[in-house]
Each structure stands twice: as C-alpha cells, then as structure tokens.
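Read through the structure below, which is laid out as structure tokens, and then see the notes.
Within every chain, numbering begins at 1; the chains are lettered A, B, ... in the order of the sequence lines, protein sequences first and strands thereafter.
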2 protein chains.
Amino acid sequence: MSGQITIGRLAKATDTKAVTIRYYESAGLISPVNRTQGGYRLYTDREKDRLLFIKRARQLGLSLEDVKSLLGLADDENAPCEQVDSIIHEQLERVRSRVRDLLKLEQELGRLERGCKAETIGECKIIESLSR
Amino acid sequence: MSGQITIGRLAKATDTKAVTIRYYESAGLISPVNRTQGGYRLYTDREKDRLLFIKRARQLGLSLEDVKSLLGLADDENAPCEQVDSIIHEQLERVRSRVRDLLKLEQELGRLERGCKAETIGECKIIESLSR
DNA sequence: CATGAAGGTTCTAGCCACTATAAGGTCAAG
DNA sequence: CTTGACCTTATAGTGGCTAGAACCTTCATG
C-alpha cells in the first residue's frame, strides 16, 4: 500500500528510468495516469505491477509489440492462452536461430584470431582474409 | 578488368543494394567517385574490392565504425597489426558474451514453454510468471 | 532522331527502443 | 521565501539501413 508515487519513485522501485516510463506511456504500454495540479504523473501499485510485467517480458528479449500483446492477453482471464504460447515459442525459435548464427561467427572469429601471428599489416592474415 | 560500372552493376556484382553503397559513401567508408556528365557514379574494381571487404567484415558482425577502422589500417602495410587483432578479439568477446546471454534466455523460454499446459489465460503459467 | 523503359539522382521520413539535451515548471524542506 | 531536487514537454540522435517521392540520364529500339 504505497499509495501514489511520482515517476521518479516508480522508476527507482522498478529499476527503470523515468524517461522509459514516459516512453512506454507514449507507446501505449501504460495508460496515462492521474496528475497533480502541477502536472506531475501519479502512479499506483497497478502501474508498478504493469511495469514489472513489462520488465520481465523485456528480459525475455521480447519486442515492445509482443509485450503489448501479452499485456492485452493477460487482461482476459478466459481467453485461450494459445497466443501467449506462440509468442513465447516464436521468441524461443528466434533465440535459437540467433545462437546458431553467433556460434558460427564465434568459430570464424576464433579462426581469425588464432591465425594471426603477424607483426605488421602487410603480413596480417586477418586483413588478408577480409581482402579476399 | 571490368572498367567503369554504375552503382546498380556494382550492387549486383557484390550482392549489395545501391542505397547501401550510397549510404556507405555518406558514412565515409567509400570515398566519392567520378561521375558521368549526367551525375551517375562510376565505380572501378578498386571500389568493388573495398565493398567486398566491407561485406566480409560486416558478416563478422562488426560495426561500420570497426569496419572503417579496419579499412584505414589495411591501407598501411607497415603499421603493426595489434589494432586489427584487438578489433577481432573484442568482437569475439562480444559474440561470446551475447551467446552466453542468449543461452540463458533459451533456457528460460524453454522452461516457460514446457511449463504451460493451460487452456486459458487465467491458468496460464507464462502469464503467471510474468505477473510476478 | 524520338521515344520509352530501366536505372540513376537527391531528399525526407521511418524503423526500434531508447538516450541525451534544453528550457522551463513544481514540490517539499528549512 | 529560497533552494535544489524533481518533474514537464519537445527535439534530436543512435545504427544500419529501408521506403518513397519527385525528378533526371542513359541506351536500345522504331
């Protein structure tokens, strides 16, 4: 029961930045909240929960678009969770494919690194590989 | 000895897009070339080689900034190749660290995927995890 | 030599998810 | 009432392109 807090406190409480919270509002992930007479945004636990949800989803590497979908889905208790599953599944596939690509890259970079025993650019195997 | 070619032909020859080549020029990776009377850029093998160098470096995941440095270094035969090595080494480290992160993500996403046997959002373990 | 298609030119805006900066207004404590 | 921490909006920038508009050039045809 922390009552109403300003954006800075919410930022601290959720380890986000105030600008990011405002950005989420402008992007439609968090709806506009009540303001003080002076125009300061006032947040409640509701927004804190929502922001933490967003944070956790972002930590899964999901796009804001996907996070937005999840937030929408989360609000309808009786809807089937197929779409949730497929968002997660597709993300998993993206991650797996990215890992495969990066492992190939790691191999290649490793080969280059080990291959170069030169002192000067003229003899450098790395520059040589890149040049053809 | 292909002589002078227009941007579209260079693009085809290097599997790049013309806009990308112009972008590289504006970014300082390729220097401005001679033009026809009508203003068409005319490229030679020199630029073709340079572009292929850029492509290969980009395939290693290097930033245009790093590619630019490599191009600069490549031009000085007698310079030590330390800096080349360190660009590659740092990229390798970035890739390794990214792989580690993505593998953790894969674990987490896999757990979520396997954990959800629910039919509706109300019982969905994924939404539950994200909600706290 | 005229025409038309294919391909070139510059410029501007958009993508994503922020980050940075400026110029100003509000709030609470002392 | 002043101070200083915090808030406000607006604008521009990041990287590495991509998309589109409006216009101009080139070159193979008829």
A/Lys68 NZ - C/dA17 C1' separation (whole Å): 13 Å
Distance test, side-chain N/O of B/Arg9 to OP1/OP2 of C/dG7, below 4.0 Å: no
5' priority, DNA chain C, between A/Gln37 and A/Thr20 [closest heavy atom]: A/Thr20
Atom-to-atom span, CG of B/Leu64 to P of D/dT14 - whole angstrom: 13 Å
Carboxylate-amine/guanidinium contact B/Glu93 B/Arg96, below 4.0 Å: yes
Value in whole Å for how far the P atom of C/dT26 lies from CG of A/Leu42: 14 Å
Between A/Gln91 and A/Arg94: side-chain donor-acceptor atoms closer than 3.5 Å: yes
Among C/dT19, C/dG8, C/dC18, the one nearest B/Thr6 by side-chain distance: C/dG8
Salt bridge B/Glu123-B/Lys117, side-chain N to carboxylate O under 4.0 Å: no
Spacing between B/Leu10 atom CG and C/dG8 atom P, to the nearest angstrom: 10 Å
Short N-O contact, A/Arg50 and A/Asp45, less than 4.0 angstrom: no
Residue pair B/Ser131 / B/Glu128, side-chain donor-acceptor N/O under 3.5 Å: no
B/Arg41 vs C/dG8: side-chain N/O to OP1/OP2 distance below 4.0 Å: no
From D/dT26, C/dT9, C/dA17, nucleotide with atom closest to A/Ser63 side chain: C/dA17
Interatomic distance, A/Glu65 CD vs C/dC15 C1' [rounded to whole Å]: 12 Å
Selection from D/dT8, C/dA17, D/dC6 that lies nearest to any side-chain heavy atom of A/Arg35: D/dT8
Polar side-chain contact A/Tyr40-D/dC6 base: donor and acceptor under 3.5 Å: yes
Nearest-Å distance for atom pair CD/C1', residues A/Glu25 and C/dC18: 16 Å
Protein-nucleotide distance (A/Ile21, atom CD1; C/dA17, atom P), rounded to Å: 17 Å
B/Tyr24 vs D/dG16: side-chain N/O to OP1/OP2 distance below 4.0 Å: no
Contact under 4.0 Å: A/Thr36 side-chain N or O vs C/dC27 OP1/OP2: yes
Separation of atom OH in A/Tyr23 from atom C1' in C/dA20, rounded to whole Å: 15 Å
Given C/dT19, D/dC7, C/dC27, the nucleotide with the shortest approach to the side chain of A/Arg22: D/dC7
